[in-house]
Amino acid sequence: MPRSPKPRVAVFKFASCDGCQLSLLDCEDELLAVAGAIEIADFREATSAVAPGPYDLVLVEGSITTAHDVELIKQVRSQAKFLLTIGACATAGGIQALRNWADVAEFTRAVYAHPEYISTLATSTPVSAHVPVDFELRGCPISKTQLVEVVSAYLDDRAPNVPNESVCVECKRRGTVCVVVARGTPCLGPVTQTGCGAICPSYARGCYGCFGPQDTPNAASLVHRFRDLGMSPENVVRVFRTFNAGAPAFREASEQAEGMAP
Ligand code: SF4
Ligand code: SF4
C-alpha cells in the first residue's frame, strides 16, 4: 500500500512505568535525524499537541489490565497501519503479570483504602493477546539501539535487524567469564534474548531475563540446572517470575518449578 510522504507516528501507553517511552525520548540525536522524515501525531509523554488518526506507525507501551484497556487497544489497532509493541509490559504483561497467579481482589483490599473504586481485570496480558501486532520489541526497558533500528527499518521499508540469539552468545563475544560455570550463579542468559549487551554477567551477576525468552529457549532444562545448583523450587519460580513472568516460556518454567518437590 503506498505511504504518505511523511509517515504519521503515534505512541500510546497502557499499564506501564513509562520507562520504555523515556527510552524513546532518550534517543535525542537519533530522533532528530528522523524527525524531519516523520510527523509525530500523538505522543503525550512528549507533547500535548494531539492529531487524530489514522497513523502509519503506532508504538504501544504497557499491558492490558482493565476492561477500558481492552476497548482502547482495539481502537488503537484500527487506527494503526503498523503496530509495534515496546517493552516487557506490552510484549509479555510486565511485572504486573504476577497478578495472574494471585487473587487481585486480595491485592486491592491490601493496597487501597477504598478497593470498591478499583476496576481492574484479574490478569495483565500482552497487547498481542487482544489484537494483531506487527512487531514486538522486547526489554525492560527496551534497547535504544534496537528501537532506532526497528523505526529506521519501518521508514526504509525493510525487515528490522534485531537479533534473537541468547545472552550467552553476547557473553562469548564480550569474552565474559560465564557466572554459571565459574561461580555457580544462576543465570537466565541461556534462555533470554540478547539486547542488553550482557551487562549483568559482565559484572559477575546472573542475567535477570529483562529481554524475555529468545526464540527457541530450553527453559525446562535450565530449571533442572538451577535445581542442580542448589536452588529451591520456590527460588526457581522467583527467578522466572519477574518482568517477563507472563511470557509463555518463562511462565511454563515457573509452573514446572512450582510443581517440584523441595
Ligand atoms: S517494560 Fe519495563 S521499562 Fe518498559 S514500561 Fe514496562 S516496566 Fe517500564
Ligand atoms: S553468564 Fe549467563 S549469559 Fe553469560 S554465558 Fe554464562 S549462562 Fe550465558
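Whatever order the structure lists them in is the order used to number ligands and atoms, beginning at 1.
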Is it the case that the side chains of [Y] and [X] hold a donor-acceptor pair, with the cut-off being a distance below 3.5 Å and no angle test?
| X | Y | result |
| --- | --- | --- |
| Ser254 | Arg241 | yes |
| Asp69 | Thr66 | yes |
| Thr192 | Gln214 | no |

Strictly under 2.8 Å, how many protein N, O or S atoms lie near atom 6 (Fe) of ligand 1? Waters don't count.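 Near atom 6 (Fe) of ligand 1, the number of protein N, O or S atoms below 2.8 Å is 1.
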Under the rule for ring-ring contact (aromatic ring centres under 6.0 Å, His included), what residues qualify as partners of Phe82, not counting sequence neighbours?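 With sequence neighbours excluded, Phe82 shows a ring-ring contact (aromatic ring centres under 6.0 Å, His included) to Tyr154, given in chain and number order.
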Over all atoms of both residues, closest heavy-atom pair of Glu255 and Trp101: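 What the structure gives for the nearest pair is OE2-NE1, 3.0 Å.
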Just jot down the ligand 1 atoms closer than 4.0 angstrom to any heavy atom of Gly139, in number order.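 Answer for ligand 1: 1 (S).
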With a sphere of 6.0 Å drawn around CZ of Arg174, does it hold more than 12 non-hydrogen atoms of other residues, nucleotides or ligands?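 Counting neighbours around CZ of Arg174, more than 12 heavy atoms of other residues, nucleotides or ligands fall under 6.0 Å, so yes.
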What count do you get for protein N/O/S atoms less than 2.8 Å from atom 2 (Fe) of ligand 2?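 Step by step: take atom 2 (Fe) of ligand 2, keep protein N, O, S below 2.8 Å, and you get 1.
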Does ligand 2 have an atom under 4.0 Å from some heavy atom of Glu170?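 It does not; every heavy atom stays at 4.0 Å or beyond.
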Please list, chain by chain and in numerical order, all residues satisfying side-chain contact (heavy atoms from CB on, under 4.5 Å) with Ala219, sequence neighbours excluded.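 In terms of side-chain contact (heavy atoms from CB on, under 4.5 Å), with neighbours along the sequence ignored, Ala219 is linked to Val191, Phe240, Ala253.
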Nearest-neighbour protein heavy atom for atom 5 (S) of ligand 2, which is reported as residue plus atom name and distance: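 Checked against all protein heavy atoms, atom 5 (S) of ligand 2 sits closest to Lys172 NZ, 3.1 Å.
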Determine whether Glu136 and Leu84 satisfy the following criterion, side chain to side chain contact (heavy atoms under 4.5 Å, CB included), listing intermediate values before the conclusion. CA-CA 6 Å; Glu136 293 185 310; Leu84 166 64; over 6 Å; no
Do Ile40 and Tyr55 share a hydrophobic cluster (ILVMFWY, side-chain heavy atoms under 4.5 Å, transitive)?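 In one cluster with Ile40: Tyr55, no.
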Would you give the length of the straight line joining atom CG of Leu83 to atom CZ of Arg77, rounded to the nearest 0.5 angstrom?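 That separation rounds to 5.0 Å.
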Nearest-0.5 Å distance, OG of residue Ser16 to CD1 of residue Ile95: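 It is 13.5 Å, given to the nearest 0.5 Å.
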